[in-house]
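Heads up: the structure comes next, in structure tokens.
Bear in mind the structure is a predicted one, so any value in this text is a computation, not a measurement. In what follows, every heavy atom counts, from backbone to side chain, and hydrogens, waters and symmetry copies are set aside.
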Amino acid sequence: MTKDKKRIHFVGICGTAMGNVAAMMQACGYHVSGSDQNVYPPMSTFLENCGVELKSGYEASHLGNAPDFCVIGNAISRGNPEVETILNKKLPYLSLPEVLKEFFLKGAHNLVVTGTHGKTTTSSLLAWIFEFAGKDPSFLIGGLPGNFDRGCKKGKSNFWILEGDEYDTAFFDKRSKFLHYLPELVIINNVEFDHADIYENLASIQLSFRRLVNLVPTQGMILVNADDPNSLAVVKNALAPVTEVGFSNNAAIAIKNFQSSSLGVQFEVLGKKFDLPMHGEFNVRNAAMAIAAAHFYQIDLSTIAEALQQFKGVKRRQEERATVGDITIVDDFGHHPTAMKETLKGLRQRYEGRRLWALFEPRSNTTRRAVFQNSLPEALALADGVFVSQVARLEQLPENERLNPEKVVASIEAKGVPAFYETDAPAIVKKLVPLLEKKDVIIIFSNGGFGGIHNQLEQTLKNRFEKTC
């Protein structure tokens with residue numbers, strides 16, 4: 001693909017990655033337009049401020065002034081009016097990962113962060129370390145890092161840091177997105193079963209990771225979780241050098257002297273002491289991976305340590321949304337039992353001695369299914385009280401394949417933890433608020449908006465607090 005292609009149209013432009021790459025292409029001198037069913041702030045405002053031409057809804061007329069090529073997001077499927085027009089008129093089209101590969105990643109040093117959990121935090125931390133060290137990296141992160149004003153940036157150096165998603169690329173390309181990213185260095189945080197809508201079992205996910213491992217050059221590097229047998233299995237026959245990172249005594253880069261306080265964690269890696277203003281063993285491992293990757297590119301450990309101390313985290317990852325009176329509301333993107341379990345463990349350290357209420361929306365394509373019927377209660381029961389809402393878009397799944405939230409609640413109650421099933425956000429807020437006591441912490445788990453429960457809780461608590469003053 002050459003740069004004489006001037007007009008680019010994004011179908012599904014308001015997705016986080018699509019919007020950020022569209023803005024980056026506009027900044028590189030292309031005329032970018034895009035359409036989406038959900039055109040609203042903050043993404044719509046961001047794109048308009050970048051000069052991107054936005055169109056609401058999907059219509060064939062949006063392609064009237066034929067673009068030189070189109071970018072089709074992975075949430076877009078056949079039957080979409082613009083997709084059908086693109087196919088019927090034989091307009092050139094690419095997936096988002098292909099755009100990155102063709103326009104930006106060829107010839108670059110690409111650091112690809114993968115795994116079922118921790119990708120966003122690890123890639124955000126790695127990008128910040130490189131930025132802090134004066135490397136001016138480019139990056140694409142599936143979230144909003146606290147140290148940057150956006151999740152995608154085209155830097156001046158040859159370094160690209162990418163959050164490597166194992167989800168499929170597009171309706172016309174069912175390979176994992178990360179297989180397009182021409183990796184020089186790969187981080188494998190962990191490998192578990194997820195994405196039940198496209199993967200049959202754990203073995204099929206591991207196959208995709210093995211394909212990624214097979215793309216790493218012999219002069220590159222693979223950093224793998226030393227504590228996760230599923231991750232170690234996918235690098236078994238790697239031709240590229242493999243370095244194990246973790247708490248295991250057998251790890252080549254071992255995490256030692258881990259300590260936790262309300263302010264964060266402290267640990268040692270490569271003989272150096274590090275402080276991180278985050279919580280939980282899983283975030284220590286995320287940080288150790290980023291340290292090892294930065295060290296591979298010869299960033300000195302003292303600089304890395306300074307960067308860690310100034311790391312501001314990621315939006316929707318253990319993010320304090322509000323404190324009303326003495327009750328704290330925390331937002332977290334967690335939607336996999338392992339991620340929620342580790343987050344709750346970390347929050348125990350952060351809010352020592354305080355009660356934790358876990359509110360969970362079964363919304364992802366996996367948690368809507370019965371796949372985690374038994375493991376969800378094990379994770380959520382680490383809280384002091386639990387609310388589970390109705391399965392999102394439940395009409396799309398046969399009843400025998402659907403998660404049963406009432407059974408999840410019953411299993412949690414059987415463990416001696418108060419648990420409740422309520423259909424939606426207003427019902428949860430109505431039931432929860434009278435149960436709250438001083439210094440309680442509410443952690444909201446959802447990979448979506450959960451019906452606006454964050455604002456509803458905050459406003460209801462404000463109203464209660466004002467009445468008691």
Side-chain angles (χ1 to χ4, degrees), residues 1-106 138-144 148-154 160 162-165 167-181:
M1 191 66 63
T2 60
K3 199 173 176 177
D4 59 352
K5 303 290 186 182
K6 291 294 184 184
R7 297 184 61 84
I8 308 171
H9 183 74
F10 283 69
V11 184
I13 195 169
C14 288
T16 302
M18 288 280 281
N20 277 297
V21 173
M24 185 170 63
M25 297 295 285
Q26 180 77 20
C28 288
Y30 298 92
H31 177 82
V32 178
S33 64
S35 57
D36 206 296
Q37 197 66 48
N38 301 303
V39 178
Y40 51 79
M43 183 56 78
S44 62
T45 306
F46 166 69
L47 290 170
E48 287 167 351
N49 289 341
C50 292
V52 173
E53 181 186 350
L54 279 182
K55 304 172 189 290
S56 184
Y58 299 114
E59 298 177 16
S61 60
H62 293 165
L63 298 160
N65 187 3
D68 292 292
F69 73 91
C70 301
V71 184
I72 301 176
N74 81 322
I76 306 300
S77 57
R78 285 298 304 269
N80 179 290
E82 294 185 26
V83 166
E84 299 309 311
T85 302
I86 289 166
L87 296 176
N88 286 326
K89 291 188 174 182
K90 304 295 188 293
L91 298 177
Y93 60 89
L94 295 171
S95 67
L96 185 68
E98 287 176 308
V99 169
L100 288 166
K101 178 180 177 180
E102 294 297 328
F103 285 84
F104 301 105
L105 303 183
K106 286 184 175 179
S138 301
F139 56 81
L140 177 65
I141 297 165
L144 183 57
F148 301 96
D149 62 359
R150 62 184 66 181
C152 180
K153 186 195 87 166
K154 176 68 175 73
W160 263 94
L162 302 113
E163 179 175 338
D165 191 353
Y167 205 76
D168 62 8
T169 297
F171 79 83
F172 52 87
D173 183 353
K174 291 304 177 183
R175 293 173 295 170
S176 294
K177 295 175 188 174
F178 57 39
L179 295 178
H180 295 277
Y181 291 162

At what distance, to the nearest 0.5 angstrom, does [atom1] of [X] lie from [atom2] of [Y]?
{"X": "Leu87", "Y": "Cys70", "atom1": "CG", "atom2": "SG", "value": "10.0 Å"}
{"X": "Leu54", "Y": "Phe10", "atom1": "CG", "atom2": "CZ", "value": "11.5 Å"}
{"X": "Phe172", "Y": "Ile76", "atom1": "CZ", "atom2": "CD1", "value": "11.0 Å"}
{"X": "Leu96", "Y": "Leu140", "atom1": "CG", "atom2": "CG", "value": "7.0 Å"}
{"X": "Glu102", "Y": "Ser95", "atom1": "CD", "atom2": "OG", "value": "9.5 Å"}

[Y] backbone acceptor or donor facing [X] side chain under 3.5 Å:
{"X": "Asn74", "Y": "Thr169", "result": "no"}
{"X": "Glu82", "Y": "Glu59", "result": "yes"}
{"X": "Ser176", "Y": "Leu179", "result": "no"}

Closest approach of [X] and [Y], non-hydrogen atoms and distance?
{"X": "Ser77", "Y": "Val83", "answer": "O-CG2, 4.1 Å"}
{"X": "Ala66", "Y": "Leu91", "answer": "CB-CD2, 4.2 Å"}
{"X": "Arg7", "Y": "His31", "answer": "NH1-CD2, 3.3 Å"}
{"X": "Ser56", "Y": "His62", "answer": "O-CE1, 3.6 Å"}
{"X": "Leu47", "Y": "Cys14", "answer": "CD1-SG, 4.4 Å"}

Salt bridge (Lys or Arg N to Asp or Glu O under 4.0 Å) involving [X] - partner list, sequence neighbours excluded:
{"X": "Lys174", "answer": "Asp168"}
{"X": "Arg150", "answer": "none"}
{"X": "Glu84", "answer": "Arg78"}
{"X": "Glu53", "answer": "Lys55"}

Applying ring pair (Phe, Tyr, Trp, His ring centres under 6.0 Å), can you list everything that pairs with Phe139, at least two apart in sequence or on another chain? Phe148

Any [X] side-chain heavy atom under 4.5 Å of [Y] side chain:
{"X": "Phe69", "Y": "Val99", "result": "yes"}
{"X": "Met25", "Y": "Phe104", "result": "yes"}
{"X": "Leu105", "Y": "Leu162", "result": "yes"}
{"X": "Met24", "Y": "Leu100", "result": "yes"}
{"X": "Pro97", "Y": "Asp173", "result": "no"}
{"X": "Val11", "Y": "Ile86", "result": "yes"}
{"X": "Val52", "Y": "Phe46", "result": "no"}
{"X": "Ile8", "Y": "Pro67", "result": "no"}

Start with the C-alpha gap between His9 and Ser35, add the side-chain angles, then the distance that decides, and say whether side chain to side chain contact (heavy atoms under 4.5 Å, CB included) holds. CA-CA 8 Å; His9 183 74; Ser35 57; 3.4 Å; yes

Would you check, one step at a time, whether the test side chain to side chain contact (heavy atoms under 4.5 Å, CB included) holds for Asp36 with Tyr58? CA-CA 6 Å; Asp36 206 296; Tyr58 299 114; 3.6 Å; yes

Partner residues of Ser138 under the side-chain contact (heavy atoms from CB on, under 4.5 Å) criterion, sequence neighbours left out: Lys154, Trp160

